[in-house]
Protein chains: 2
Amino acid sequence: MDRDQTEKDDEASGRPTLKTLAFMTGLGVTTVSRALKNAPEIGAETRRRVQLVAKQIGYRPNRAGVRLRTGKTNVISLVLNTEREIMSFVSDIIYGVSEVIADTPYHLIVTPYSRSQDPLDPIRYLVETGSADGVIISRTQPNDPRARYMLERGIPFATHGRTDMGLIHPYHDFDNYAFATEAVRHLAGIGRRRLALLAPPVELTYHSHTLNGFTDALSEVGASEIPFNTVSVDHSIEQIRMRTAQMMRRDVRPDGFVSSAAAATLAIVAGIEDAGLKLGRDVDVVSKQSSDLLHLFRRELLVVNENFRLAGAELARSVLGWIGGATPGSLQSLSKPTGVLAYRPPD
Amino acid sequence: MDRDQTEKDDEASGRPTLKTLAFMTGLGVTTVSRALKNAPEIGAETRRRVQLVAKQIGYRPNRAGVRLRTGKTNVISLVLNTEREIMSFVSDIIYGVSEVIADTPYHLIVTPYSRSQDPLDPIRYLVETGSADGVIISRTQPNDPRARYMLERGIPFATHGRTDMGLIHPYHDFDNYAFATEAVRHLAGIGRRRLALLAPPVELTYHSHTLNGFTDALSEVGASEIPFNTVSVDHSIEQIRMRTAQMMRRDVRPDGFVSSAAAATLAIVAGIEDAGLKLGRDVDVVSKQSSDLLHLFRRELLVVNENFRLAGAELARSVLGWIGGATPGSLQSLSKPTGVLAYRPPD
DNA sequence: CCTATATACTGAAACGTTACAGATTGTCAC
DNA sequence: GTGACAATCTGTAACGTTTCAGTATATAGG
């Protein structure tokens with residue numbers, strides 16, 4: 001009677017639950033639950049038996065059940081700016097994150113914030129609704145309210161880029177200081193003396209990293225700077241192109257560029273050519289790139305690679321590490337630029 | 001006594017629940033639940049009162065609770081191939097989807113499938129674990145096992161690209177037939193007679209769409225095809241570049257190209273130049289692009305724009321529509337190519 | 001033989017929500 | 001005054017999980 005009823009209940013519903021396993025093994029749900037998570041108070045044989053059956057029938061814990069009971073979501077949220085983030089960037093980071101969480105119970109959810117919205121809004125939403133166990137943010141600022149907020153609430157996160165608030169948290173960053181210094185040294189090495197920098201937007205931390213590297217290396221090699229700070233990599237292709245062309249038509253114009261983004265570099269080159277000058281002859285450009293396409297564009301371009309897939313992977317590892325109990329300070333990483341590829345025109 | 005206890009319970013936990021609202025309004029949780037979803041058996045004043053209080057204290061339904069009780073996840077899953085999907089593509093689609101689900105209760109989760117994995121695996125996972133209310137897939141095939149599977153299980157989905165199985169489901173597709181015909185006509189119009197097509201991979205549906213458009217237009221304008229089917233847009237930049245260069249060194253070589261992807265076009269142009277030929281003089285290339293960058297690369301390139309952000313938005317609308325009860329057949333859309341931009345060299 | 005203690009297991013309750021099956025009114029017809 | 005009925009509200013159970021507070025059995029110490 002009792003048995004029949006339970007049996008019927010279990011066979012009716014499609015997906016196996018703890019109750020199903022309990023019935024099949026003849027144990028209580030509590031025992032099954034504990035056996036599956038290797039609790040010490042369960043006999044060794046029972047444990048193996050339960051786990052065997054669970055694997056056989058393809059038991060997977062119901063996420064909603066776990067989440068409701070424990071508050072654990074098994075979700076990592078990647079928070080993205082809908083219009084400012086550079087294209088290839090995003091997909092590479094996503095792939096990097098995916099790679100790492102692939103064989104964990106975690107899911108990746110993408111939380112966008114749009115237009116004129118406060119960047120803190122999506123973070124508040126995530127924290128208030130308890131929608132994620134961990135968060136990844138980018139476009140990090142020196143004094144970042146999002147990082148501060150999450151630190152206060154004690155929710156694990158990692159930032160793409162560093163902050164500068166005297167607070168410790170996991171991050172992954174590309175060494176933009178090293179990028180800028182190497183770029184300047186290389187340009188100086190091939191005889192360029194008046195350099196312009198297309199920098200990241202001022203509000204982001206890596207703006208000053210890049211700028212510091214640039215100016216430090218300038219004085220090191222004794223070259224001078226041609227100011228180019230009316231635009232940043234966040235500006236439109238058209239604006240950058242126009243400003244570049246304007247600048248290249250002036251008497252005192254740069255003979256070398258350092259560009260912090262691949263798309264912007266296309267615009268710079270276009271601007272240079274608009275002004276009737278020739279890349280590799282009148283001016284050289286060193287650019288960061290994330291996909292391997294710039295050298296197809298103009299083979300005279302000098303490129304430095306930034307690996308966003310790696311960044312995504314590192315960020316995911318950091319967040320998971322923090323969730324897993326590691327200390328935030330031990331989850332910081334910096335990736336060095338992979339060498340300047342010097343494509344000098346063969347002729 | 002009873003009151004004190006309830007009060008204490010509610011104030012202890014941070015986030016308001018139905019119980020909190022019930023206590024504040026003096027109603028039962030059932031009534032509150034119904035009032036919030038505008039059930040007819042709730043008095044008009046009560047309804048307003050409950051909704052007012054709910055808004056004031058910022059009540060948000062607990063997703064885990066809803067999901068456990070109803071099975072509704074409020075999740076849309078975007079299933080992506082980790083290595084094959086083209087870069088900018090992905091982020092644009094994500095942004096498009098985000099845009100549409102922004103003011104719905106839905107979250108977007110990204111489900112990747114990697115390497116040598118069966119494309120059906122992630123779909124099976126989603127369906128078996130009931131992880132999503134709706135699914136979006138790309139890299140659609142004429143006979144697509146994923147679409148068939150989801151159709152059988154009755155789970156709402158939309159495909160980026162069409163199938164050809166005689167089954168009806170929502171899709172969004174770019175009109176690649178029109179793209180190919182317009183491209184060929186344009187090339188013929190500027191005097192090109194021997195055309196090569198860099199097609200999508202054969203297994204995907206839009207391969208034949210593109211190919212049909214190409215060959216139909218060829219016979220229409222009386223031009224001939226130079227076979228170029230040893231590579232597809234899925235091949236590496238290096239392979240495409242090499243094959244192109246090989247072909248361009250032969251006696252009978254194309255004087256026009258139609259390319260189905262922007263990245264591949266970079267490779268084609270590189271190959272053309274490797275062979276010592278000049279774009280716009282010896283050969284013209286019409287290419288699809290998703291971001292507006294190709295004309296910066298070589299201004300002789302002829303480009304047709306495919307809007308992936310729009311695609312993402314349409315796909316999201318379709319899935320939501322299906323979930324909302326619309327008939328699958330009414331959720332299909334095709335986007336026309338936006339005109340060939342004819343950048344002829346001015347000199 | 002009785003008590004203490006470790007070992008292996010178990011039922012009940014709770015997380016927040018919704019659906020089902022009432023319960024309590026008030027109104028109206030007769 | 002009674003019964004029928006609509007309108008409005010409510011308690012209980014259930015979704016699948018984990019935690020709490022046990023229970024039952026075996027082993028050992030005295």
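Here is the naming used below: chain letters follow the sequence lines, and residue numbers restart at 1 for every chain.
Residue-level contact check: Gly130(A) touches neither bases nor backbone, having no heavy atom under 4.0 Å from any strand. At the heavy-atom level, Thr70(B) lies under 4.0 Å from the strands shown only through sugar-phosphate atoms.
What separates CG of Leu18(A) from C1' of dT19(D) is a distance of 13 Å, to the nearest Å. For Leu68(A) and dA14(D), the CG to C1' distance is 12 Å, given to the nearest whole Å. The nearest whole Å value for the distance from the CG atom in Asn38(B) to the C1' atom in dT8(D) is 16 Å. Atom CZ of Arg15(A) and atom P of dC15(D) are 14 Å apart (whole Å). What separates CZ of Arg63(B) from P of dT18(C) is a distance of 13 Å, to the nearest Å. Here the C1' atom of nucleotide dG16(D) and the CZ atom of Arg67(A) are 15 Å apart, to the nearest Å. In this structure, Arg49(B) atom CZ and dT8(D) atom P are separated by 14 Å, rounded to whole Å. Regarding Lys72(A), its NZ atom lies at a distance of 12 Å from the P atom of dT19(D), rounded to whole Å.
The phosphate of dG16(D) has neither OP1 nor OP2 within less than 4.0 Å of any side-chain N or O from Lys19(A). At dT17(D), none of the side-chain N or O atoms of Ser33(A) fall inside 4.0 Å of OP1 or OP2 (strictly under the cut-off).
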Report the C-alpha distance between Tyr149(B) and Ile155(B) in whole Å, list the side-chain angles of each, state the deciding distance to 0.1 Å, and finish with yes or no for side-chain contact (heavy atoms from CB on, under 4.5 Å).
CA-CA 9 Å; Tyr149(B) 179 84; Ile155(B) 174 171; over 6 Å; no

Between Ile323(B) and Val319(B), is a side-chain contact (heavy atoms from CB on, under 4.5 Å) present by the stated rule, with each step listed?
CA-CA 6 Å; Ile323(B) 292 173; Val319(B) 176; 3.9 Å; yes

Distances under 3.5 Å between nitrogen or oxygen atoms of protein and nucleotides 11-13 of chain C:
| residue | atom | partner | partner atom | Å |
| --- | --- | --- | --- | --- |
| dG11(C) | N7 | Thr30(A) | OG1 | 3.2 |
| dG11(C) | O6 | Thr30(A) | OG1 | 2.8 |
| dA12(C) | N6 | Thr30(A) | OG1 | 3.4 |

Do any N or O atoms of the protein come closer than 3.5 Å to N or O atoms of nucleotides 4-8 of chain C, and which pairs are they?
none

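With contacts defined as side-chain heavy-atom distances shorter than 4.5 Å, the pair Asp144(A)/Thr159(A) does not qualify. With contacts defined as side-chain heavy-atom distances shorter than 4.5 Å, the pair Asn81(A)/Pro119(A) does not qualify.
Looking only at atom types and distance, the side chain of His107(B) has no donor-acceptor partner in the side chain of Ser131(A) under 3.5 Å away.
Within a 6.0 Å radius of CG in Leu52(B), more than 12 heavy atoms belonging to other residues, nucleotides or ligands are found.
Although no hydrogens or angles enter the test, the distance criterion places no donor-acceptor pair under 3.5 Å between the side chain of Thr205(B) and the main chain of Thr163(B). With hydrogens and angles disregarded, a donor-acceptor distance shorter than 3.5 Å links the side chain of Asp133(A) to the backbone of Thr73(A).
For residues 44-67 of chain A, the set of pairs meeting the salt bridge (charged side-chain N to carboxylate O under 4.0 Å, His left out) definition, not counting sequence neighbours, is empty.
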